[in-house]
Number of protein chains: 2
Amino acid sequence: MSEGTEGSSTSAPRARLLDTATRIFYAEGIHSVGVDRIISEAQVTRATLYRHFTGKEDLVLAYLDRADRGIRAGIEAARAGEPSAADAVRAIGRFITGGIESTGFRGCAFLNAVAEYPDPAHPIHQAVLAHRQWFLDTVTELLAQVGDRPAEEAGRHFVMLRDGAMASGCLSDPKPIAETFLLGVEGILRARGA
Amino acid sequence: MSEGTEGSSTSAPRARLLDTATRIFYAEGIHSVGVDRIISEAQVTRATLYRHFTGKEDLVLAYLDRADRGIRAGIEAARAGEPSAADAVRAIGRFITGGIESTGFRGCAFLNAVAEYPDPAHPIHQAVLAHRQWFLDTVTELLAQVGDRPAEEAGRHFVMLRDGAMASGCLSDPKPIAETFLLGVEGILRARGA
DNA sequence: AAGAAGAGACCGAACGTTCTCCCTCGCGAA
DNA sequence: TTCGCGAGGGAGAACGTTCGGTCTCTTCTT
C-alpha cells in the first residue's frame, strides 16, 4: 500500500480511529459515546486504541487538536490573497457561513465540547479556551487594520456573532442564520469605516 | 410538559429532587451526572425518584420545563412597565446580562442541553427548540413595534447576539461580554430608528 | 527476530432501573 | 375516640448493561 509517505507516527488503524472518533464525537457528543462504539466502527481492537492513545480523554484531545488545526488552516486559506483587511474579515465570515450551511453541520465542536466539560481545570476545557483565544486574537488583529480605533470591542462583537450563529445554525434553517451573520459582519465593518 | 403530576401535590422530597437536579445538571451537564449522585445530594431514596418521575429523562425534562417557566416569568417582569417597545427590548437585554454576570453562571441551560442531545427527534432536543422558538417570537414581536419595517431579521440578530453572549459568558470575564452584548442591542435598536 | 495489529477474555465500577421490606403519617369509618 | 388502611417515603439489595481500561495470546508483516 502507499503508506510510506506518511511517516512512522501515523498508522492506518490510528487514522481510522481518529477519523471515526471525529465523526462520532462531533455528530453525537462525547459523554454519550463509549469507546466500544468507536473501536467497533473504526474496525480496530481495544488494544490498538490504547496503543495509540492513553485513554478516551486523550482521544478527545486529539479530536479537538485536529479540529483546531483544520480551522486555523481554513482561516489562513480564506484570508490569503484578500486585497484588504476588511475583505479578509468578509472572507472569514464566508468561511464560517460555509461551514454552517454544509451538510452534517452540528455546531461548533469546541462549544459543544465545553458544554460537556464545564470544569475550567479540565484539559479539554482548556483546549477549548486556547482555541477561542487564538480566534479572538486573530479576528481582533485583523479588525484593528480596519479603521484606526482600538478593535477589542469589534473583535468581541465578531466572535459573539459567530458563537451565536454556530450555536443556532444546527437548530433551525441555516440559510437565514448565515444571512443574519453576514449582515452583522458588514455592520461591524461599516462601524469601523470600511 | 413532562411528568403528569399536577402542581397541587408538590411534596418536599420531590422539590428537593428537582432543586438538586437543576443545580447539578446546570453546573455539570446531564450525561456526566448519574442518578445516584442526584438522589444522594437530594437526600431521597431511589424509589422516591422513580415514584415522581418515570426516569432520568423525565427529570431532565422537568428541569428544562422549570427553567423555561423561570425565563418566561423573568422576561415578562423585565418588560413590564417599560414605556416603549425599545425600552422593553433594552430591559430584556439587561435581564440577560444580569444572568451572565451573576455568580454560578454556566451558560444557557438550553444550549448546553441541546449540545448533549443532538438528535432532533429526542424529547429533550424538542423542548429546547420550543423554548428557543418562543424566545425568537417574543423578541421579534417586540422589535416589530420599533420602526415599521419587518422585524424578522432584527429578531434573529438579537437572538444570535444573545446566544453568543450566553455561550461565551462563562468562558471568559463576563463583564466585557455583557458590555459588548448591550452595545449590540443598541445597534439593533438604532438601525430601526429607536 | 521484532513490532504492530487482531481477537477476545476479563476487571471493577458505574449506569439506569426495579424490587422488597418496613416505618410513618393522614384520613375516613366504626 | 379509636381503628385500620393505604399512600408516601426511607433503606437497600439486586437486576442486566455498559463504562473505561488491562490483560494474554496469536497472526501478520518486515
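Values reported hereafter were calculated over all heavy atoms of this structure, with side chains retained and with hydrogens, waters and symmetry mates removed. Numbers restart at 1 for each chain; the letters A, B, ... are given by sequence-line order, proteins then strands.
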Q: Step through the shown structure and confirm whether more than 12 heavy atoms of other residues, nucleotides or ligands are within 6.0 Å of CD on Glu141(B).
A: no

Q: Please figure out whether Ala47(B) or Glu57(A) has its closest DNA chain D nucleotide nearer the 5' end.
A: Ala47(B)

Q) Given atom CG of Leu49(B) and atom P of dG12(D), what is their separation to the nearest angstrom? A) 17 Å

Q: Starting at atom NZ of Lys56(B), determine the distance to atom C1' of dT18(C), rounded to an integer number of angstrom.
A: 18 Å

Q) What's the CG-P distance between Asp36(A) and dT18(D), to the nearest Å? A) 9 Å

**Q.** Whole-Å distance separating the CG atom of Leu59(B) from the P atom of dC15(C)
**A.** 14 Å

Q: Would you please say whether a donor-acceptor pair under 3.5 Å links the side chains of Ser32(B) and Glu116(A)?
A: no

Q: Identify whether any heavy atom of Arg37(A) sits under 4.0 Å from a base atom; if not, whether one sits that close to sugar-phosphate; answer base, sugar-phosphate or nothing.
A: nothing

**Q.** Phosphate-side-chain proximity, Arg51(B) and dC19(C), N/O vs OP1/OP2 below 4.0 Å
**A.** no

Q. Please give, in whole Å, the distance from dG16(C) P to Ile38(B) CD1?
A. 8 Å

Q. Is Leu182(B) reachable from Leu161(B) through a run of I, L, V, M, F, W or Y residues, each pair having side-chain heavy atoms under 4.5 Å apart?
A. yes

(Q) Would you say Asp119(B) and His125(B) are linked by a side-chain donor-acceptor pair, where the criterion is simply a distance under 3.5 Å? (A) no

(Q) Grouping I, L, V, M, F, W and Y whenever their side-chain heavy atoms are under 4.5 Å apart, do Tyr50(A) and Ile24(A) come out in a common cluster? (A) yes

Q: For dG21(D), take OP1 and OP2 only and decide whether either is under 4.0 Å from a side-chain N or O of Tyr50(A).
A: yes

Q) Given atom CZ of Phe53(B) and atom C1' of dT18(C), what is their separation to the nearest angstrom? A) 18 Å

**Q.** Between dG16(C) (P) and Ile39(B) (CD1): distance, integer Å
**A.** 10 Å

Q.
If the cut-off is 4.0 Å, is Thr45(B) near the phosphate of dG12(D), judged by side-chain N/O to OP1 or OP2?
A. no

Q. For the pair made of CZ in Arg14(B) and C1' in dG10(D), what is the distance, rounded to whole Å?
A. 19 Å

Q. What about Arg46(A), does its side chain sit under 3.5 Å from the base of dG20(D) through a donor-acceptor pair?
A. yes

Q. Given dA5(C), is OP1 or OP2 found less than 4.0 Å from the side-chain N or O atoms of His52(A)?
A. yes

Q. Are Thr48(B) and dG8(D) close enough that a side-chain N or O sits under 4.0 Å from OP1 or OP2?
A. no

(Q) Checking contacts here: which listed nucleotide (dA5(C), dG10(D), dG16(C)) is nearest the side-chain heavy atoms of Arg16(B)? (A) dG10(D)

Q: Quick one: label Gln43(A) by what it contacts on the DNA or RNA (base, sugar-phosphate, nothing), any heavy atom closer than 4.0 Å.
A: sugar-phosphate

